[in-house]
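What follows is one structure encoded as structure tokens, with my remarks underneath.
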There are 2 protein chains.
Amino acid sequence: MREPTFLVLTALAAGPQHGYAVIEDVATMTGGRVKLRAGTLYAALDRLRGDGLIEVDREEIVQSRLRRYYRLSASGARALASESARLREQAAIAEKRLRARGVSGAVAPVT
Amino acid sequence: MREPTFLVLTALAAGPQHGYAVIEDVATMTGGRVKLRAGTLYAALDRLRGDGLIEVDREEIVQSRLRRYYRLSASGARALASESARLREQAAIAEKRLRARGVSGAVAPVT
DNA sequence: CCAGCATATACCGATGAACGGCATATCGAA
DNA sequence: TTCGATATGCCGTTCATCGGTATATGCTGG
């Protein structure tokens with residue numbers, strides 16, 4: 001699972017949202033670092049729907065414009081949980097090794 | 001940065017290693033989940049070298065076979081640190097939202 | 001009055017990392 | 001002698017993401 005996909009699932013973990021709201025949520029969540037393109041978002045939404053990780057919650061017409069709300073499915077929640085556990089574990093390993101490096105000074109073994 | 005790339009940097013954070021050893025380290029690190037293909041590894045190594053994130057540490061001839069050791073550069077260590085911080089933060093956000101969901105039961109608002 | 005911006009969904013070509021397989025080479029074990 | 005482990009390297013394919021464009025409406029400013 002790539003970063004944008006993970007962030008889309010994270011956005012929907014907060015509750016049902018429509019596409020455009022997901023783009024804004026992800027931008028806020030990442031401090032403006034990740035700005036999902038429309039192409040990326042709707043492709044990801046279609047793919048995740050095909051994989052059964054998200055579902056269409058409801059559709060609304062607001063100002064004669066369609067708003068399609070998506071929600072995380074049960075298996076989507078499981079996928080997000082296992083993915084974030086993986087991320088957390090890998091980050092922990094990397095940080096542990098970096099700390100060990102910093103202490104021993106493995107890069108420049110001058111002493 | 002994608003997962004395989006991150007794992008290669010994490011492997012080298014433990015100290016200089018040659019390509020094949022990185023494959024094994026990554027496999028061990030991930031409990032056998034990620035088995036880097038030769039194509040993925042050496043392409044990543046070349047790319048990371050081009051980006052200055054890793055450097056060739058030394059070359060050895062063991063049993064008339066070449067062994068090229070790579071090490072993390074200073075900028076590679078910085079990149080790995082910021083990347084793992086990002087991973088940790090995103091995992092924290094996702095897990096917080098999942099916990100909130102579990103408690104309130106946002107998926108099935110039956111109650 | 002209408003040009004531009006925000007909202008909102010959707011399509012499409014290009015890019016590039018990763019995948020999977022293959023080639024090459026040596027050594028030890030079955 | 002064939003197979004598996006070690007070890008590097010190449011190459012075609014796949015696929016998610018990127019970036020741009022199209023479509024449509026409502027609001028705001030010059």
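The basis for the numbers below is simple: all heavy atoms, side chains too, and nothing from hydrogens, waters or symmetry mates. Just so we're on the same page: letters track the sequence lines, and every chain starts at 1.
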Notebook entry, point to check: Out of dA17(C), dT26(C), dT9(C), which nucleotide sits closest to the side chain of S64(B)?
Noted result: dT26(C)
Notebook entry, point to check: Looking only at atom types and distance, does a side-chain atom of E83(A) sit under 3.5 Å from a main-chain N or O of F6(A), one as donor and one as acceptor?
Noted result: no
Item checked: Name of the residue among R68(A), R71(A), R67(A) meeting salt bridge (charged side-chain N to carboxylate O under 4.0 Å, His left out) with D57(A) -> R71(A)
Check: Is there a side-chain contact between L53(A) and L72(A) (heavy atoms, below 4.5 Å)?
Finding: no
Notebook entry, point to check: Given atom CG of L66(B) and atom C1' of dT24(C), what is their separation to the nearest angstrom?
Noted result: 13 Å
Notebook entry, point to check: CE of M1(B) versus C1' of dG16(C): gap in Å, rounded?
Noted result: 15 Å
Notebook entry, point to check: When the distance from CZ of R2(B) to C1' of dT15(C) is rounded to whole Å, what number comes out?
Noted result: 11 Å
Next item on the list: Please list residues of residues 28-42 of chain B whose heavy atoms come under 4.0 Å from any atom in DNA chain D, ordered by number; otherwise none.
Entry: A38(B), G39(B), Y42(B)
Next item on the list: Calculate, to the nearest 0.5 Å, the distance between atoms OG and CG belonging to S75(B) and L80(B) respectively.
Entry: 11.0 Å
Next item on the list: Round to a whole Å and report the spacing from CZ of R67(A) to C1' of dT7(C).
Entry: 8 Å
Note to self: Distance check needed: dC15(D) C1' versus R47(A) CZ, whole Å only.
What the structure shows: 9 Å
Checklist line | Contacting residues from residues 76-93 of chain A, given that a heavy atom lies under 4.0 angstrom of DNA chain D | finding: none
Checklist line | Candidate nucleotides dA25(C), dT7(C), dA18(C), ranked by approach to the side chain of R65(B) - the nearest | finding: dA25(C)
Next item on the list: Check the distance between dT9(C)'s C1' and D46(A)'s CG and give it to me in whole angstrom.
Entry: 10 Å
Next item on the list: Indicate yes or no: at least one non-hydrogen side-chain atom of Y70(A) is less than 4.5 angstrom from one of V56(A).
Entry: yes
Check: Do Q90(A) and T10(B) come within less than 4.5 Å of each other through their side chains, counting heavy atoms only?
Finding: no
Note to self: Between P on dC27(C) and CD1 on I61(B), what's the gap in Å once rounded to a whole number?
What the structure shows: 12 Å
Check: Should I93(A) and K96(A) count as side-chain neighbours, where that means a heavy-atom distance under 4.5 Å?
Finding: no
Margin query: Between P on dC19(C) and CD1 on I23(B), what's the gap in Å once rounded to a whole number?
Written below: 12 Å
Item checked: From dT8(D), dC18(D), dA10(C), nucleotide with atom closest to P4(A) side chain -> dC18(D)
Margin query: Side-chain N or O of T5(B) versus OP1/OP2 of dA17(C): is the shortest distance under 4.0 Å?
Written below: no
Next item on the list: Check step by step if side chain to side chain contact (heavy atoms under 4.5 Å, CB included) holds for I23(B) and K35(B).
Entry: CA-CA 7 Å; I23(B) 291 178; K35(B) 292 185 179 92; 6.0 Å; no
Check: Hey, are the side chains of R88(B) and E95(A) touching, using non-hydrogen atoms and a 4.5 Å cut-off?
Finding: yes
Next item on the list: Using a 4.0 Å heavy-atom cut-off across all strands, classify E24(B) as base, sugar-phosphate, or nothing.
Entry: sugar-phosphate
